[in-house]
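See structure below.
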2 protein chains.
Amino acid sequence: MRQSNKREPLSRERILRAALGVVDSEGLEAISMRRVGQELGVEAMSLYNHVANKAAILDGLFEIVLAEMPAATKAATWQVALRDNARALRLVLRAHPHTLPLFATRPAVTPASIIHVEAALELLRKAGFSADEALCTLQVMVAFVVGHTVAGYSPTRPEEESRPAYEQLSKQDFPRVHELVAVLARHDIEKEFEFGLEAMLAGLEARLTRRKASRKE
Amino acid sequence: MRQSNKREPLSRERILRAALGVVDSEGLEAISMRRVGQELGVEAMSLYNHVANKAAILDGLFEIVLAEMPAATKAATWQVALRDNARALRLVLRAHPHTLPLFATRPAVTPASIIHVEAALELLRKAGFSADEALCTLQVMVAFVVGHTVAGYSPTRPEEESRPAYEQLSKQDFPRVHELVAVLARHDIEKEFEFGLEAMLAGLEARLTRRKASRKE
DNA sequence: ATGATTGACTTACAACGTAAGCTTATGACG
DNA sequence: CGTCATAAGCTTACGTTGTAAGTCAATCAT
């Protein structure tokens with residue numbers, strides 16, 4: 001009955017990877033200590049030898065997802081670097097949509113992502129941003145990327161109330177909303193992301209040039 | 001022993017308000033059917049006469065928080081309107097920081113906020129944005145506001161590992177990160193929000209003028 | 001060989017969401 | 001006034017959860 005061969009020992013690493021597997025295939029609320037243990041052929045309580053508690057597993061999930069982000073390639077300009085980073089972050093988040101709620105609870109910047117932060121800061125500082133501006137820029141970019149990805153890709157459970165209301169109530173009272181119904185059909189959420197990303201970058205660039213101009217006179 | 005006087009009857013409204021009270025003072029994970037019932041002097045199961053289940057309560061919380069957003073005042077330009085809306089949304093979210101995780105799971109636009117959406121769309125369309133651009137603009141703004149507020153105001157439980165790492169490891173390996181340590185002390189997250197908001201607005205405005213120019217030639 | 005350490009398993013408990021059934025107050029209608 | 005339907009509360013019960021506490025077998029240093 002018992003797992004016959006000498007099994008490889010448990011570890012934080014293996015636990016997190018098993019947990020990520022469960023979350024990816026069954027959703028965030030599917031993980032319980034017993035479920036993760038079962039995935040590893042182990043009792044729930046055995047996990048406590050390697051992780052402090054369930055919250056620590058969620059923290060770890062957040063961490064290993066973020067660690068999937070590829071190292072930044074050498075970019076020509078800070079604009080390109082920021083854009084690349086934003087897209088890379090979005091891709092990582094989209095790869096594990098069920099973990100997205102985690103990013104709403106935990107601080108976005110973590111030791112795992114510090115390399116990316118350092119690289120981005122370096123470029124921004126050299127481009128002429130002050131330390132504070134560079135910090136703001138990064139935080140604001142992350143906020144946008146995470147915010148937009150969470151909004152668009154959080155797996156919505158099949159609630160039936162919210163959808164139909166649009167077509168019915170809105171014709172005369174909300175003409176502009178009604179107008180969107182047709183648009184929504186062919187609306188591309190990736191285009192929407194790029195739309196926001198470009199706006200953000202353009203705004204940051206404008207700020208930088210204005211800043212340089214005011215310093216020089 | 002029993003609650004003596006004829007008590008006023010339960011209702012979805014009362015349940016949600018009680019739940020919001022619990023969440024505001026004790027945090028999101030403090031709400032359980034029994035806890036909310038206790039708040040109203042009622043058994044847990046009685047709540048099921050007015051709400052479908054716990055998820056419905058969370059949906060309702062989301063809803064009544066969003067409903068606190070004040071009606072938009074008549075704004076001079078779409079820029080001012082967007083800025084006002086963004087700040088108003090942020091204020092509402094900040095007023096109930098414990099509910100912020102809810103905004104990561106649920107769709108941002110809800111029947112409760114449709115009036116604001118309609119008003120904003122009207123202004124954007126009149127300013128020259130296409131229907132799709134107006135939709136993108138709104139979604140992107142909401143994503144930024146929610147994303148940034150969640151990142152900055154989600155009540156972080158007192159985890160002790162993440163903080164001290166900064167000062168230690170970063171001096172030579174991460175000089176730019178290290179540079180931030182001093183900045184962080186006097187860093188103002190509201191300024192940071194305004195920084196991002198202005199960048200976003202500037203970028204959107206640039207897009208609009210470019211669009212008008214290209215249509216005219 | 002022996003003793004300590006590690007890491008698994010077992011048991012147990014309180015709290016959770018909620019299904020099912022029961023009880024009581026309200027109000028319509030003969 | 002009596003009857004009875006409906007509504008809205010209460011009670012009990014079940015399965016699942018996170019995890020504290022205790023047990024036991026394997027590994028390893030001496």
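Every chain is numbered from 1, with letters handed out A, B, ... down the list of sequences. Since the model is a prediction, treat every value here as computed from it, not as a measurement.
- In this structure, B:Tyr48 atom OH and D:dA8 atom C1' are separated by 16 Å, rounded to whole Å.
- Here C:dG17 presents its C1' atom at 12 Å from CD1 of B:Ile31, a figure rounded to the nearest Å.
- With B:Thr99 contributing its side chain and B:Leu102 its backbone, the two residues share no donor-acceptor pair below 3.5 Å.
- Below 30°, between 30° and 60°, or above 60°: for B:Phe144 and B:Phe193 the angle between ring planes is below 30°, a parallel geometry.
- Less than 4.0 Å separates DNA chain C from no heavy atom of any residue of residues 20-27 of chain A.
- The 5' end of DNA chain C is approached more closely, in terms of each residue's nearest nucleotide, by A:Glu43 than by the other of A:Arg34 and A:Glu43.
- The closest side-chain heavy-atom distance from B:Ser25 to B:His98 is not below 4.5 Å.
- A straight line from CD of A:Glu29 to P of C:dC16 spans 19 Å, rounded to a whole angstrom.
- Side-chain atoms of B:Asn49 come within donor-acceptor range of the base of D:dG9, with a qualifying N/O pair under 3.5 Å.
- To the nearest angstrom, P of C:dA8 lies 16 Å from CZ of A:Arg12.
- Rounded to the nearest 0.5 angstrom, A:His116 NE2 and A:Asp84 CG are separated by 11.5 Å.
- Residue A:Leu47 contributes atom CG, which lies 10 Å from atom P of D:dG18 at whole-angstrom precision.
- Residue A:Ser32 places its side chain closer to D:dG18 than to any other of D:dG18, C:dA19, C:dC16.
- Residue A:His50 places at least one side-chain N or O closer than 4.0 Å to OP1 or OP2 of C:dA8.
- Salt-bridge check for A:Glu194 with A:Lys191: failed, with every basic side-chain N at 4.0 Å or more from each acidic carboxylate O.
- Side-chain atoms of A:Met45 lie closest to C:dT11 of the nucleotides C:dA8, C:dT11, C:dC16.
- Remark: side-chain polar atoms of B:Ser11 are paired, donor with acceptor, to backbone N or O of B:Arg14 under 3.5 angstrom.
- Listed pair B:Ser46 / D:dA8 fails the phosphate criterion, with no side-chain N or O lying under 4.0 Å from OP1 or OP2.
- Residues A:Val117 and B:Phe174 have side chains not in contact (no heavy-atom distance under 4.5 Å, counting atoms from C-beta outward).
- Rounded to an integer number of Å, the gap from NZ of B:Lys54 to C1' of C:dA19 is 18 Å.
- In this structure, the CE atom of A:Met33 is 15 Å from the C1' atom of C:dC9, given to the nearest Å.
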